[in-house]
Each structure stands twice: as structure tokens, then as C-alpha cells.
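This report concerns only the one structure given below.
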Amino acid sequence: MLEQINGPQDIKAMSRKELEVLAAEIRQFLIEKISATGGHLASNLGVVELTMAMYLTFDLPEDKIIWDVGHQAYTHKILSGRKEYFDDLRQYGGLSGFPKTKESPCDAFDTGHSSTSISVGLGMVQARDILGQDYSVVSVIGDGALTGGMAYEALNNAARLEKNFIIVLNDNNMSISENVGGMSKYLSSIRTGYGYNDLKKNVTNVLEKIPVAGPKLIDKISRTKQGIKQLLIPGMLFENMGITYLGPVDGHDLKQLQRVLGEARKLDHAVLVHVLTQKGRGYGPAEKNPSRFHGVEPFDIETGKPKRLKEEPDYTDIFSRKLCQLAQERKDIVALTAAMPDGTGLKKFSKLYPDRFFDVGIAEQHAVTSAAGMAAAGLKPVVAVYSSFLQRAYDQIVHDVCLQNLPVVFAVDRAGLVGSDGETHQGIFDLSYLTSIPNMSVMAPKNLWELRRQLEFAMNYDGPIAIRYPRGRAYRGLKEFAEPIVYGKGEVICEEDGLALLAVGSMVSTAEHIRDKMKAEGYRATLANARFIKPVDYELVDRLAARHRYLVTLEENVLRGGFGLEVTAYIHRNHPQVKVLNIAIPDAYVEHGNVSILRQELGIDSDSIIRKIKERFVASG
């Protein structure tokens, strides 16, 4: 059946039996392909029938489907005619793991962060109506993404619509990890409320058998169904807001899904279809552990185990262990995460110190302001978050933390290039947006030992401070130092004449490789570790400028607003005789791909940088 799918209309030619076979084939296809390339598995296995039902009900690309986050859109990509590209899923130049408008007209909107789909859908509905067009708009949002405040802002405005707008709530009781909070409990109560739907169905069936009077009774009862719902389903939050609620619906019953989506399409206002799905459905290991199979590296299908076992700890592991050690010594340390206890390394902390751990759901803004409140009341909060997701809480950092100079520690994971997740997840802006904020201090470790020391320093620093560290194996090169970290001070690792390399965080190891390669060619170079991005160690810059004609700054952040331009401005003012070369990421969004390949393409790998140094300095004398 899968071989017959080459475009969005092909599924509509299939019989009910063929559709059942297609669903099984899609799941097998996803398991086989993702086991080879890596990607988001559990979330995609859970929405196979839901996606098929939407393709059967709507006409793509004329009708618009907006996927919240977008990591569950693999079946959508298959049904729209892209199955032959899955061998290169998330590879450089290959198929994106998220919706991309440049890939297909069936991708209505680029997504990658959560809680956005209802706002986007509402905007499209308003554009459709103003322009006098006629198509359906469907926003798919998960129960995890529904914890984000932006979703409620959109729901509040969607309730005022007088034209059709369909919101599909994909409820699998999971975001990345298990859901938390009041909305999760509310949806759980609805999941157990099948009694209402069963009662409605049974009553209707009985009344339909009564000649003449039956249809009239059905009509009269339907007018009072609002009252029945109020009695039998707790809260009726969506109905009370003015959004018609349909469900809950079995998300793996294709016939039932088609019927409900068809009903939703007929309404002249906003409607929410509540669909219950199983994350990881059809693959035993993912059903048992959906959190682990949310995003996976290549794995063995039979066992579910990664093909490449992690041999050495990564920076997240180092952070996790050190934070737990510090929390044992200090009872005022608390940790917060936005639905990512596993990804940020806080899972161990949550088990050791459950009363001091707070998972706020997908709500980065709330996490930061809540941490500000904790700090104001005497605690030492650590907000562990991916660089890309911390962008969502910029105003809260400015207004609620830094304005009052509160001692909140930001553990900024996945800083720099992250690879396969692409533009929406690369952590390449944090140095620019964090260093622009008064009172904020920013550090970056060169290796695993320095991360431990910087975390110790941050715990004793009386003000906002961020530690940004990359994804992947923790670097063990260079020396393990014994001296304490001094605020605002970097270090010279090895000093010679001629060329000075001043690097930030992950780029220190790159600078070390550059120095070794150039030394083998007869060049001499000094290697310095900035350690602090804000404040800049200007005494260190003066020292380097006094002994070197050429200075190279290296950072895994966009050039604009980054460390290099700050140093360059200072050099121009105070040491105009020194020539400066800034190595940074171009001011552009970086697509998905292997990090090594991306570094080469961006010109920030050691060989590319050496070529730039020779072109800029050696050739010019």
C-alpha cells in the first residue's frame, strides 16, 4: 500500500482494509528508517491514524495543517509524497525532521518550538476570511504543548471566531517526558469520561427506533446537551471559553476519527477535537519507554538499544553530577526545567531531591519568573534549559531576573551547533541575547573540569549568571586547573609570539588543534581561554595585544552581537596596530546536519580557520 502513496490525494483511493494495511506499513517504515538515521520515533508512531484521517478528510495543500512543534509530522511527510527522501532524514542537505515550507506546499508553516500552532492557525483563518478564500485550517497541538501560555492566549482569541477553525488536541499524556500540572490532570479526567459519549450514543440509538417522535426527541435533547456535558465531564473548560469540544476520540480508530473531523469541518466557529493516542504505538520498546524513544540516535530494532553506546560522559552528565553534589552540601539549591528533566540532566536531581525539583511543563517564561521569585525569597535556583528554548523567556530574564539583579543560575545546555534538529534548535544566539542584558554575567567552559568549577563559582555568585555548554562528549583535553575561578578573568594556556588565539568555550579545543597544526608548519601561536564572555577580560586582551600583531577570536555563536565584535571594538579603540580576525557563525539560520559537516560548511572547523588566518594575516604580511 505504501508504494501507492506518491502525493496527498493517493490515500483517498484506498479501501478500509487497505487503509489498515497502510497504517501498519507506515509504522514499519518509520521504525526501519529512524533506526538507521535517528530522529523522533515515539511521537510519530502515535499519530499514524490521526494523520491518515486528516488526509482523508481534508484536501492538501489547499487545506492547511499546522503541526505544533512538528516532530510528529513524519507520517504527514510520507503521505504528501516524500517517503523516498527518508534515507537522508535529518542529514545535511536531506529531509528535515520538522515541517519546512521550502520542502513541500503541504507544509503550511515552519515549526520547531512548541505551543505555536493555534496562534498560527488563527492567523491563517483571519487571513483566509479577509481575503475571501475558502479552505480549512487545522492546528494540531499536543497535550504537552498545551501547557505553554501562548496556547491559552490563542484559545482566548479563537473563541471569538465566527468561521470554522479546527484545533486537534493530540493527547498522549506525554510531552517529551511525562506531563505535569493542572491541565494534565484536567485532560486525564476527560480521558476517563467516556461515560458521556457512551451515554449519548446509546440514547441516540434507542430514540432512532421510535417512529415519528424519535427524531424530535433527539433534536430536543441535543439542544440541552450542554447541560448534560456540564454534569458528566469535569470543568468543560473549552466549552466554557466558547470553543465547541468534540471527544475524546480514539486516536487509532480511523473510521471514528474521520467521522468526528467531518463533523468539526461543518461548524461555523472554533472547535477542538480531543484525540487520545498512544505514544510509541506499534513498537514494543517505544510503548514501554516513550520518553527514551522521543528523540533517538540510530538503534537496533530488535532490542531497541542504541547502535553506538555512549562511552564517555557528555557535558549534560557532568552538569548533572556536579549539581547533585552541590545540592547535597547546600539545602537552598533548587532546580527547574521546562518539561525536559532527562534532556537537561535533572532526572537524577529530581529523584535525590524531589522537594527541590520543579518541572513546570513546556513553559520557559514561567520557569524563569518562578526562579526569580525563589531567588527573591532566599533560594538559589538553577534553571536548566536548552539554548534555543531559553530564547522564549528573554523578557523574563530582562525584567524579572536581571532588573532586580537576582541570583539565578542559568545552565544553558545545547549551546552552539546541535546538528540534526536544524534551524529551530541550533543554540547560536545565546551569547548575543544574554550579553545584551545589564547585570547578566556569562561563562563558557573549555572542558569538563572547567564546567564543574564554573558551576561551583555560579553557586556563590550574587547575581544572574549563565553557563553555556555544548551538546556532546565533554572535552578532556588541556589542563585540569587547581586555581579558583576569578570573576571576569580568562587564562593564557600557552604563550608564544606572533599570533594569538582567544577562544570561547567549545572553540578552545578547536583553537588548540589550530595551534598544533600551525606549529607543525612552523608558525607560532598563543592560546587563550576567554572563560568569561561577559564581562570581557580586557586585561587579558591588553596582554595579548601587547605581544602579538594578530588576534583571532573564536566562538560558536552568530557574529552579530557576539564576543568577537566586542573584542574587536576594544582593540580598535586601544590597540589600532593589532589586526583582528573574528571566527563566528554567519548571521543566518543553520540547517540540519552532522555537526562536523556544518562546521566545515560554516568555515569554523580547524582547517577552514587556518586557511582564513593565512589569507588574512600571512598573505598580507
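Nothing here was measured: the structure is a model prediction, and the numbers come from that model.
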Between [X] and [Y], is there a donor-acceptor pair closer than 3.5 Å when you use the side chain of the first and the backbone of the second?
X    : Y    : value
Q72  : G70  : yes
H575 : I571 : no
N529 : E491 : no
N557 : L431 : yes
E423 : Y589 : no
K307 : P298 : no
N44  : A73  : yes
D516 : H513 : no
T111 : D68  : no
Q426 : E591 : yes

Between [X] and [Y], a side-chain donor and acceptor under 3.5 Å:
X    : Y    : result
S608 : R611 : yes
S506 : E556 : yes
T510 : R599 : yes
Y538 : N574 : no
S43  : H294 : no

Write down the atom of [X], the atom of [Y], and the distance for their closest heavy-atom approach.
X    : Y    : result
G603 : I609 : O-CG1, 3.8 Å
L598 : G593 : CD1-O, 3.5 Å
A466 : V412 : CB-CG2, 4.2 Å
A145 : I141 : CB-CG1, 3.7 Å
S432 : V558 : OG-CG2, 3.5 Å
I514 : L554 : CD1-CD2, 3.8 Å

Intermediate values then yes/no, side chain to side chain donor-acceptor pair (under 3.5 Å), R471 and T316 = CA-CA 8 Å; R471 181 180 191 176; T316 304; over 6 Å; no
Does [X] pair with [Y] as a salt bridge, N-O distance under 4.0 Å?
X    : Y    : answer
E496 : R547 : no
K489 : D537 : yes
R543 : E495 : yes
D421 : R90  : yes
E555 : R468 : no
D87  : K33  : yes
R82  : E103 : yes
D607 : K517 : yes
K305 : D300 : no

Begin from the C-alpha positions of R476 and E312 and carry the test salt bridge (charged side-chain N to carboxylate O under 4.0 Å, His left out) through to its verdict.
-> CA-CA 10 Å; R476 288 178 171 272; E312 297 185 29; 3.5 Å; yes
To the nearest 0.5 Å, what is the distance between [atom1] on [X] and [atom2] on [Y]?
X    : Y    : atom1 : atom2 : answer
Y74  : L30  : OH    : CG    : 9.0 Å
D342 : R292 : CG    : CZ    : 11.0 Å
D413 : I467 : CG    : CD1   : 11.5 Å
S35  : F299 : OG    : CZ    : 5.0 Å
Q328 : L326 : CD    : CG    : 10.0 Å
F109 : F98  : CZ    : CZ    : 14.5 Å

Worked check of side chain to side chain donor-acceptor pair (under 3.5 Å) between T101 and D110 | CA-CA 6 Å; T101 54; D110 289 4; 3.3 Å; yes
Is the distance from the ring center of [X] to that of [Y] below 6.0 Å?
X    : Y    : value
H425 : H592 : no
H40  : F293 : no
F389 : H113 : yes

Do [X] and [Y] make a side-chain contact, defined as non-hydrogen atoms from C-beta onward lying under 4.5 Å apart?
X    : Y    : answer
I34  : F86  : no
L336 : V368 : no
I613 : L581 : yes
L499 : M518 : yes
D88  : L95  : no
N582 : F563 : no
I66  : T116 : no
I533 : M443 : no

Anything under 30° is parallel, anything over 60° is perpendicular, the rest tilted; go ahead and classify Y433 against Y394.
-> perpendicular
Parallel, tilted or perpendicular for F532 and Y487, by the 30°/60° rule?
-> perpendicular
Test side-chain contact (heavy atoms from CB on, under 4.5 Å) on K77 and D107 and set out the steps.
-> CA-CA 8 Å; K77 294 199 174 199; D107 289 0; 4.2 Å; yes
Please assess L451 against W449 for the test side-chain contact (heavy atoms from CB on, under 4.5 Å), listing each intermediate value before the final yes or no.
-> CA-CA 5 Å; L451 174 56; W449 297 291; over 6 Å; no
Evaluation steps, side chain to side chain donor-acceptor pair (under 3.5 Å), between E364 and Y386 | CA-CA 10 Å; E364 291 86 358; Y386 289 5; over 6 Å; no
